[in-house]
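First up is the structure itself, then whatever we jot down about it.
So that the names make sense, note that chain A is the first sequence line, chain B the second, and so on, each numbered from 1.
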There are 2 protein chains.
Amino acid sequence: MKYVHSCMIRGDGGRTLRAILDQICNKWTLLVVATLDAGTLRFKELHQRIPGISQRMLTLTLRNLERDGLVSRTVHAEVPPRVDYELTETGRSLLEPALALAGWAIEHVPQIEASREAYKKA
Amino acid sequence: MKYVHSCMIRGDGGRTLRAILDQICNKWTLLVVATLDAGTLRFKELHQRIPGISQRMLTLTLRNLERDGLVSRTVHAEVPPRVDYELTETGRSLLEPALALAGWAIEHVPQIEASREAYKKA
DNA sequence: GCCCCTTGGTTACTATCGGGAAGTAACCAC
DNA sequence: GTGGTTACTTCCCGATAGTAACCAAGGGGC
C-alpha cells in the first residue's frame, strides 16, 4: 500500500529503508525489544530471558539498539557492575508492530510446520 | 506480553519460534510479501519492484515462502516461460503485521538516522 | 594475602550467508 | 544458426552471525 510506494519514492531507491529494516527486523532485535517490554532489565536478566542468545550477540544487538536510539543504557558504578537497559520512547513505539509480528509467528507455527512437512514429501 | 510468555512456554524453549521468526522476519521476506500485496506477479516483475534484491536472493526467498505455504507458485507451459507468484490466504494474513512493521520503519527513518549521527560523534 | 565468585563484557576463531557475475535450459523469430 | 527472453542455478569471495574461551574489578571466605 502507501508504505510500499513511499519506499520506492525515496531518493536512494529505498536503500536506507532496507538497511534499517534489516537491522530492526531480525530475530534478536525483535526478541530483545519484546523482552524489554517488561521494563528495565540488567544485562544478565536479558541474557536469561532470551533463551539461545550468546553474550556477544546480546552485546551487539543492544549496542545497535542504543545507537539507533531505541534503548537507553545506564551504567552504575557498583561492584559487581550493574548496567540497566530500558526502552526509550521510540523503542516503546516499536513494541506494538513487533509484538504483532511475533504474535502472528506464534499463531502460525503449526501451520507453517505442517506446510514444510508436506513440501518435504512432495 | 502474553506472546513473549507463550514463546517461553513451548517445549523446545522457543527454538522453533525463533527459527520461524528468523525466516519470516528478514528484509527480503518482508519486502516480497509487501510487494505481493499488489496481487499476482511474475518473477521478473518482483525483481523490478524490489530494488536491490539479487536473483539468487529472490529465488531463495520465494522458495522458502512457498515451502512455508505463504506463497503459491504457478508455472505456465508457455514460451517465454511464465511463473506466477501469489500470496496464499496464510500469506495475506501476514500482510497486516508486515506492513505495520514496514510502516514503523518508514516513519522512524529520520529519527534513527539522527540518533546514529549523534552516536557517531559521541 | 590467596582463591574463587559474579557481572558485563571482549577476543579469537569458524561457519554460514549474501552479492555479483556468469552459466543454463527451453523455446521462438529471423 | 544467431540472438533474445525468462527463470533460474552455480561459483567465488568478502561480510556477518555465532560459539567458546578469556578478562578485569572487586567481594567474601579462610
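- Distance from the side chain of A:S54 is smallest for D:dT19 among the nucleotides D:dC8, D:dT19, C:dG9.
- Look at B:W28 and you'll find a side-chain N or O under 4.0 angstrom from OP1 or OP2 of C:dG19.
- Atom pair B:N64:CG and C:dT16:P shows a separation of 16 Å (rounding to whole Å applied).
- Among D:dA7, C:dG19, D:dA20, the nucleotide with an atom closest to any side-chain atom of B:V83 is D:dA7.
- Between the side chain of A:T29 and the backbone N or O of A:C25, no donor-acceptor pair lies under 3.5 Å.
- Each of A:N26 and A:P81 was assigned the nucleotide of DNA chain D with the nearest heavy atom; the assignment lying further toward the 5' end belongs to A:N26.
- One can place CZ of B:R82 at 17 Å from C1' of C:dC28, the figure rounded to the nearest angstrom.
- Using cut-offs of 30° and 60° for the angle between ring planes, the B:F43 and B:H47 rings count as tilted.
- Between A:E78 atom CD and D:dG26 atom C1' the separation is 12 Å, expressed in whole Å.
- For the pair B:Q23 CD and C:dG18 P, the interatomic distance rounds to 10 Å; values are reported in whole Å.
- Remark: A:R73 is in phosphate contact with C:dG9, judged by side-chain N or O atoms under 4.0 Å from OP1 or OP2.
- Checking C:dG19, C:dT7, C:dG9 against the side-chain heavy atoms of B:R56 singles out C:dG19 as nearest.
- A:L58 has its CG atom 10 Å from the P atom of C:dG8, to the nearest Å.
- Remark: B:E113 does not engage B:R116 in a salt bridge, criterion side-chain N to carboxylate O under 4.0 Å.
- Here the side chain of B:K44 is nearest to one of C:dG9, D:dT6, D:dA17, namely D:dT6.
- Contact annotation: A:K27 side-chain N/O to D:dG18 OP1/OP2 distance is under 4.0 Å.
- In this structure, B:Q55 places its CD atom 12 Å from C1' of C:dT24, rounding to the nearest Å.
- In this structure, CD1 of A:I53 is placed 16 Å from C1' of D:dA20, rounded to the nearest angstrom.
- Of all nucleotides listed (D:dG18, C:dT10, D:dC8), C:dT10 comes nearest to the side chain of A:R63.
- Salt bridge annotation for A:D84-A:R73: absent, with no cationic side-chain nitrogen under 4.0 angstrom from a carboxylate oxygen.
- Computed from coordinates, the B:L62 CG to D:dA7 P distance equals 11 Å when rounded to whole Å.
- Rounding to the nearest 0.5 Å places CZ of A:R42 at 11.0 Å from OH of A:Y85.
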